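Here the structure is laid out as structure tokens; the discussion comes afterwards.
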Amino acid sequence: NSFGDTESGIQRFVVDYSNDGLSWSEFGEHELSMSEASTFYEGESGPNFEGLAARYILITSLNTFGSDCACLSEIRFETSGIISDVTEVNNLDLSAILAPNPASDLVELRIADVENSFEAEISLRDQTGRLISKLNQSIQKGETNIELTTAGLVSGNYLVKIQSVDGVVTRKLIIVQDHK
């Protein structure tokens, strides 16, 4: 909304939504008016989601008012206390330890106290739920050690999830990159 920069505002955009951060559905395309470059300008209302229950919203610019750079100066979501059905997820009965934690280039996932071997999907996600990597792994009776490469990840909080047909276990992983 700065004088001389209003052509950078997004004119048309598409909205997608998701509850898991993996599968997305399109809500639709929408159009905004050009801002007034005024200190009194308070923006405009965007699309009404009409009670849509979503955990993630993705806004993709389709075009601007003339600039190659697309931007929104501020976005606000007004939500209501939507109550939705929650599926109970069983926790796997096992020990899962990440070491070292915090990590930088490599972390070992130690899965122990396993009564019966099983197949699992092990995923690494950032704190928004975006999938970084995943692998399918056979977890052996007793103990299984799995090395996960974390080189190249930015410093921050991540989640390591072990999921099988019998349930799920999630552990927090902290990445600290030392850029000397």
Side-chain angles (χ1 to χ4, degrees), residues 1-89 98 101-105 107 121-136 148-163 168 170-180:
N1 189 35
S2 298
F3 182 76
D5 288 330
T6 56
E7 72 281 352
S8 295
I10 292 176
Q11 183 178 19
R12 286 195 62 71
F13 62 96
V14 64
V15 175
D16 295 292
Y17 65 93
S18 173
N19 284 310
D20 60 8
L22 301 174
S23 56
W24 293 84
S25 299
E26 184 176 311
F27 180 73
E29 290 186 21
H30 303 279
E31 189 164 330
L32 297 171
S33 302
M34 187 178 221
S35 66
E36 300 171 0
S38 158
T39 56
F40 301 108
Y41 177 72
E42 294 185 12
E44 66 180 271
S45 294
N48 180 345
F49 291 101
E50 301 165 1
L52 176 72
R55 183 172 181 192
Y56 303 101
I57 301 289
L58 176 66
I59 297 171
T60 305
S61 173
L62 298 175
N63 67 322
T64 66
F65 288 98
S67 174
D68 291 335
C69 178
C71 65
L72 292 170
S73 60
E74 182 177 340
I75 223 171
R76 294 182 191 186
F77 291 95
E78 183 178 322
T79 62
S80 60
I82 296 173
I83 298 172
S84 63
D85 294 335
V86 176
T87 304
E88 177 118 3
V89 176
L98 294 164
N101 194 4
S104 58
D105 294 331
V107 65
E121 179 182 276
I122 299 173
S123 60
L124 175 65
R125 296 179 182 274
D126 67 14
Q127 56 191 5
T128 68
R130 184 175 57 92
L131 181 66
I132 304 298
S133 65
K134 74 175 179 177
L135 64 110
N136 293 319
L148 303 173
T149 302
T150 56
L153 295 177
V154 297
S155 297
N157 296 322
Y158 294 83
L159 296 173
V160 174
K161 183 166 89 171
I162 306 158
Q163 185 167 1
V168 66
T170 304
R171 294 291 181 261
K172 183 177 177 182
L173 173 63
I174 301 169
I175 302 295
V176 178
Q177 299 296 2
D178 185 18
H179 301 286
K180 292 183 180 178

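Note that this is a predicted model, so its numbers are computed, not measured. Any value given below was found using the heavy atoms of this structure, including those in side chains, with hydrogens, waters and symmetry copies removed.
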Within this structure, what is the OH-CD1 distance for the pair Tyr158 and Ile132, rounded to the nearest 0.5 Å? 6.0 Å
Could you list the residues that satisfy side chain to side chain contact (heavy atoms under 4.5 Å, CB included) with Ser61, not counting sequence neighbours? Ile10, Thr64, Ala70
Main-chain N/O of Tyr56 paired to Asp16 side chain as donor or acceptor, under 3.5 Å: no
Interatomic spacing from CZ in Arg171 to CD1 in Ile122 - rounded to 0.5 Å: 12.5 Å
So, using side-chain hydrogen bond (donor to acceptor under 3.5 Å, both in side chains) as the criterion, who are the partners of Glu121 when residues are at least two apart? none
Check: Gln11 and Glu31 side chains under 4.5 Å, non-hydrogen atoms: yes
Sole candidate of Thr149, Ile174, Ile175, Leu98 that passes side-chain contact (heavy atoms from CB on, under 4.5 Å) when paired with Val107: Leu98
Quick one: side-chain hydrogen bond (donor to acceptor under 3.5 Å, both in side chains) partners of Asp126, sequence neighbours excluded? Thr128, Arg130
Kindly write out the residues that satisfy side chain to side chain contact (heavy atoms under 4.5 Å, CB included) with Ser104, not counting sequence neighbours, or none if the list is empty. Gln177
Return the set of residues passing salt bridge (Lys or Arg N to Asp or Glu O under 4.0 Å) with Glu29 (not counting sequence neighbours), or none when no residue passes. Arg12
Trace of the side chain to side chain contact (heavy atoms under 4.5 Å, CB included) decision for Leu148 with Leu124: CA-CA 9 Å; Leu148 303 173; Leu124 175 65; 5.8 Å; no
Any residue meeting side chain to side chain contact (heavy atoms under 4.5 Å, CB included) with Leu32, in chain and number order, not counting sequence neighbours: Phe13, Glu44, Leu72
Between Leu58 and Ser18, does a side chain to side chain contact (heavy atoms under 4.5 Å, CB included) hold up when you go through it step by step? CA-CA 8 Å; Leu58 176 66; Ser18 173; over 6 Å; no
For a side-chain contact (heavy atoms from CB on, under 4.5 Å) with Pro102, tell me which candidate from Val176, Thr150, Asn157 qualifies. Val176
Could you tell me which residues satisfy side chain to side chain contact (heavy atoms under 4.5 Å, CB included) with Tyr17, sequence neighbours excluded, listed by chain and number? Ser25, Phe27, Leu52, Ala54, Ile57
